[in-house]
Amino acid sequence: MSRIVLAAIATPGHVFPMFTIAEHLIGQGHDVTLFSGSLFQQQTEALGATFVPFDERVDVDYRCLEKYFPERAEHPPGNVQMALSLRKFFAAPVPVLSTQLGQVIAEERADLLIIDNTFYAALPLLQQPADKRIPVIAIGVTPLPWSSKDAVFWGARIPPELLPADLTREQLVDGETHQLIEQVREAFNQSLVAVDCRPLTGDYNDVLMSGVDRYLQLATQLFEFTRDNLPATVDFIGALPVKVEDDKTEISWPDESLPLILVTQGTLANIDFSQVILPTLRALAALPVRVLAITGGRSVDILGEDLPDNARVVEYLNFEHWLPKASIFITNGGYGSLNSAIRHGVPLVVAGTGDGKLEAVARVIWSRCGISLHTDTPSEQQLYQAVTRILSSPIWRQQAQIIKADYDAHDALASITRHVNELIAQ
């Protein structure tokens, strides 16, 4: 039995994959500790894992980020808001969390550390020589963020095959965005200096990806831009499974044969339901479809009682249970939600530009498994046209099914087991 520490940024999209991995590792006889926000303590301990909460100074409730970072509400979704989140939510806590992480590793006498790929508090640890630290696996819960001409991260999000051969990444990033990039890097460097670490020699994501012993991306290469310079440690392992039996939601419609449309705004950008959910309910009210809206944990009462006859609303549900029944999934582009949909071959309608969602949406366009509305606030007409377009043509589902077959050929937990065993044996 080995001692394994898992660490994740305290939001559902980053922690929930760790729950699945933790449960799997515990089933194999490992002693597992999860290090994350206190909101996730009860669920962690229910799995049989030890839980260590973040220091209260940086233990932020993701459901009300504006309480901690009021300036976030001053910026529209996009690069400016993303840069602010990277500075305040990801970089600023590094001194506290990296110190605490070291304590957890020492106290648990850990043999292995597994992090989500945005747990940048591991950067000081990764600056140590590999033979002076425990091995580290990063789980890619976001679009692959490797900086290259192929990635065009922060830029125009253009698929690599559409880029002219002589065009550099810098030419696709304007002056204002370059300033944002420098501000984010400076924020990370200030945090690293605070714990006596040398400043970054490159992009913070590149340093993390290059420093870990394994980088396991929760996707397949059919849902990721083709690259020719990825680190050898990167492995595309497909999507993690979700237990179907956990869903106890009882929902029904008079005609269960009608196409089912799922719609959600995720768990972060779900403060204002007039962005996606409400216009979707109105846009599809007269169509012969069933509409199921998921509020991501917020009270369904916010939507009021005057809902269309063909609509149902719940706070949470098990996507593994409902997505196979769906004809279309409408979302603001959270990477976990997109992966869940394509894993089941469900075409997508995406309406998101904030919180890094531009990167995820770019993969939907590139892989041709859905339609992007290129806005966070789609009109009823845009939503109606996108839904009817997908329902009226088989090509969208056919492409989604091709990607599904690729996902089916991967076993994420088996791949994780193999990498864990290799590193522990070393």
Side-chain angles (χ1 to χ4, degrees), residues 1-37 39-53 101 104-105 108-119 122 134-142 212-220 223 233-247 316 318-321 323-324 335-340 342-344 404 406-426:
M1 179 178 70
S2 299
R3 297 180 176 89
I4 302 175
V5 171
L6 278 63
I9 291 298
T11 66
H14 297 243
V15 175
F16 287 176
M18 293 302 188
F19 284 163
T20 302
I21 295 170
E23 186 173 22
H24 176 70
L25 294 174
I26 291 170
Q28 294 190 321
H30 297 292
D31 185 356
V32 174
T33 297
L34 178 62
F35 177 43
S36 190
L39 284 172
F40 301 96
Q41 179 166 355
Q42 185 176 359
Q43 291 165 286
T44 300
E45 293 176 343
L47 296 173
T50 301
F51 183 80
V52 179
L101 175 65
V104 173
I105 290 172
E108 298 296 329
R109 299 190 305 248
D111 301 298
L112 176 70
L113 172 65
I114 301 178
I115 61 173
D116 89 72
N117 69 292
T118 66
F119 190 80
I134 65 171
V136 182
I137 293 175
I139 305 295
V141 301
T142 70
V212 297
D213 300 275
R214 300 286 192 280
Y215 191 96
L216 310 183
Q217 181 67 22
L218 293 179
T220 76
F223 195 60
T233 53
V234 175
D235 186 12
F236 292 87
I237 64 173
L240 292 169
V242 179
K243 290 185 177 179
V244 178
E245 60 267 28
D246 288 344
D247 188 87
Y316 285 114
N318 189 313
F319 283 103
E320 197 80 0
H321 174 82
L323 277 169
Y335 191 66
S337 295
L338 298 183
N339 258 300
S340 295
I342 60 176
R343 183 175 182 270
H344 289 287
K404 175 185 182 298
D406 190 31
Y407 271 63
D408 289 343
H410 290 72
D411 186 334
L413 291 178
S415 295
I416 290 172
T417 297
R418 175 171 56 83
H419 288 292
V420 165
N421 290 342
E422 287 176 359
L423 290 175
I424 289 177
Q426 292 173 13

Handout entry: Side chain to side chain, V52 and V5, heavy atoms closer than 4.5 Å
Key =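 No - every pair of side-chain heavy atoms lies 4.5 Å or more apart.
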
Exercise for the section: Answer whether the closest heavy-atom distance between the side chains of I137 and V212 falls below 4.5 Å. Expected result: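 Side chain of I137 against side chain of V212, heavy atoms only: no contact under 4.5 Å found.
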
N/O donor-acceptor pair under 3.5 Å between [X] side chain and [Y] backbone:
| X | Y | value |
| --- | --- | --- |
| D116 | I9 | yes |
| Q28 | M1 | no |
| S36 | A8 | yes |
| N339 | L218 | yes |
| D235 | L216 | no |

Problem - Heavy-atom pair of closest approach, residues L112 and P135 - result: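 Closest heavy-atom pair between L112 and P135: CD1-O, 3.4 Å.
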
Handout entry: Where A219 and F236 come nearest, the two heavy atoms and their spacing
Key =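 Heavy atoms of A219 and F236 come nearest at O-CB, 3.5 Å.
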
Exercise for the section: Anything under 30° is parallel, anything over 60° is perpendicular, the rest tilted; go ahead and classify Y335 against F223. Expected result: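 It falls in the parallel class, under 30°.
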
Just to verify, what does [X] make a salt bridge (charged side-chain N to carboxylate O under 4.0 Å, His left out) with, not counting sequence neighbours?
| X | result |
| --- | --- |
| R214 | E422 |
| D111 | none |
| D213 | R133 |

Problem - Pairing residues for F19 by the ring pair (Phe, Tyr, Trp, His ring centres under 6.0 Å) criterion, not counting sequence neighbours - result: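 For F19, the residues satisfying ring pair (Phe, Tyr, Trp, His ring centres under 6.0 Å) (neighbours in sequence not counted) are F16.
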
Please output the side-chain donor-acceptor pairs of residues 42-51 that fall under 3.5 Å, not counting sequence neighbours, one pair per line with the distance.
unit_1 : atom_1 : unit_2 : atom_2 : d
T44    : OG1    : F40    : O      : 2.7
E45    : OE2    : Q41    : NE2    : 3.1

Exercise for the section: Taking side-chain hydrogen bond (donor to acceptor under 3.5 Å, both in side chains) as the test, write out the residues that go with D408, two or more places apart. Expected result: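 side-chain hydrogen bond (donor to acceptor under 3.5 Å, both in side chains) list for D408, sorted by chain: K404.
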
Problem - Any side-chain donor near an acceptor of the partner, S415 and H410, under 3.5 Å - result: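 H410 and S415 do not have a side-chain donor-acceptor pair below 3.5 Å.
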
